[in-house]
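Given the structure is predicted, the values throughout are model-derived calculations rather than measurements.
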Amino acid sequence: MVGCVLVRDGVVIGFGHHRRYGDLHAEREALADCRRRGNDSRGATAFVTLEPCCHHGKQPPCTDALIEAGVKRVVYARPDPHAASGGGAEVLRRAGIACELCPESPIATRLSDPFVKRVTTGLPWVIAKWAQTAGGCMTTPEGESPWITNRLSLKRVHRLRARVDAIVTGIGTVCADDPLLTARGVRRVRRGALRVVVEGGRTLPSECRLVKSVGSGPVVVVHAHSRDSAAPDPSLARGALSEPGHSFAPEALMGVDQLCVSGNGNRVDLAGMLRQLVERHDVTNVMLECGPRLLASFFAAGLVDEALVYVAPPAGGGSGGAVAPDAPAEEALAGLDLVRVKRLGGDSERWYRRRPAIG
């Protein structure tokens, strides 16, 4: 989520990005690339999407690398809000390197939105994704193909699945569609997404594809417990689900994780669930692939940061079937900006996003 470009005399001499957790940070990647090209970084300007870190974590401080490399100027798109890693700009200034905050590029600032939200709120970045007809229907009539949109749109969805940390769906969607929720047909999977099912009074079928594929990727089932009652025994948090009230044998869901959060009846506290996904599973970004009811609950709670809406043309994709529109209405998207509309064959991809809060 961080990129760095080294420039000297108007010429790019090296660039890099933070590829994965624990690997070299963007600045050290760019400096290594500069050396591989046979270029000298002394006197260069480093353009970075996030303020260079100044602490020892999985990697040593990026500020040390920039100082040792003789970089004379650093331009960064966003301050680092983390208490441990922030403050790198001041460290560089004390070393005689000019530092400038420049939040003018929306692309540069958006890159770190998920990281900044997680650090400042304890919540992951939430991307709502759904497909609908031009009339606003998310479902097709019984007997018709469940696919509303075309192959190009489906391919885009699989690419997004390959980039997120978790995919959240509801028990209704599992029972109706039996989804697998994995990234298929993509060149590179950044991280196998955690597949999260929010239960709402019904139990996860032991014969569903999510359970059968748990060996290929983790699955978590989320239950609600009343705020007035004690939470279930923490020893049930992993392994077989054997909480009273489930109608299946414990061995049926072996390997499926259980997450118990506060709630009202069968309604899960969604913000609490997201916080636990951050704390227990190191989740930074989440994609919603669920039905209209759960989707509406996320919007009503103000938890959606980004939306990708795939709209089929009026004449196709089962648009003549559903009784009434069930996709989120325009008022649900009112807190987001329409960033881009992209044509995908006959479909359109509409990208909505919250305005970044710089600083």
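A donor-acceptor contact closer than 3.5 angstrom is absent between the side chains of Thr169 and Arg195. One side chain, Gln258 or His223, offers a donor N or O that lies under 3.5 Å from an acceptor on the other. Defined by atom type and a distance below 3.5 Å, a donor-acceptor pair is missing between the side-chain atoms of Glu51 and Tyr76.
Closest approach of Ala77 to Thr109, counting heavy atoms only: O-CG2, 3.7 Å. Across Val309 and Gln132, no two heavy atoms sit closer than the pair CG1-OE1, 3.6 Å. Among all heavy-atom pairs drawn from Asn285 and Pro124, the shortest one is N-CB, 4.2 Å. Shown here for Cys99 and Ala89, the closest heavy-atom pair between the two residues is SG-O, 3.6 Å.
For the pair Arg118 and Asp282, the salt-bridge criterion is met [side-chain N within less than 4.0 Å of a carboxylate O]. Classification of Asp113 and Arg354 as a salt-bridged pair fails, no side-chain N sitting under 4.0 Å from a carboxylate O. Residues Arg343 and Glu349 are not paired through a salt bridge, judged by the lack of any N-O separation under 4.0 Å between the basic side chain and the carboxylate.
Glu199 places a side-chain N or O within 3.5 Å of a backbone atom of Leu204 that can act as its donor or acceptor partner. Checked by atom type and distance alone, the side chain of His158 pairs as donor or acceptor with a backbone atom of Arg184 at under 3.5 Å. The backbone N or O of Phe15 sits less than 3.5 Å from a side-chain atom of Asp33, completing a donor-acceptor pair. Side chain of Gln276 to backbone of His281: no donor-acceptor contact under 3.5 angstrom is found. Listed for the Arg280 side chain is no donor-acceptor partner under 3.5 Å among the backbone atoms of Leu259.
Between Leu288 and Val126, the closest side-chain pair of non-hydrogen atoms falls below 4.5 Å. Arg161 has its side chain out of reach of Arg163: every pair of non-hydrogen atoms, C-beta onward, lies at least 4.5 Å apart. In this structure, the side chains of Asp347 and Val311 stay at 4.5 Å or more apart for every pair of heavy atoms. Put simply, the side chain of Met138 reaches to within 4.5 Å of the side chain of Leu295, judged on heavy atoms. Between Arg36 and Leu31, every side-chain heavy-atom pair lies at or beyond the 4.5 Å cut-off. For the pair Arg267 and Ser297, the minimum side-chain heavy-atom distance is below 4.5 Å.
In this structure, His82 and Phe115 have parallel ring planes: the angle between them is below the 30° cut-off, well short of the 60° mark.
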* Derivation of the side chain to side chain donor-acceptor pair (under 3.5 Å) call for Trp351 and Glu306 -> CA-CA 8 Å; Trp351 179 25; Glu306 188 175 346; 2.8 Å; yes

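Atom CZ of Arg156 has more than 12 neighbouring heavy atoms from other residues, nucleotides or ligands inside a 6.0 Å radius.
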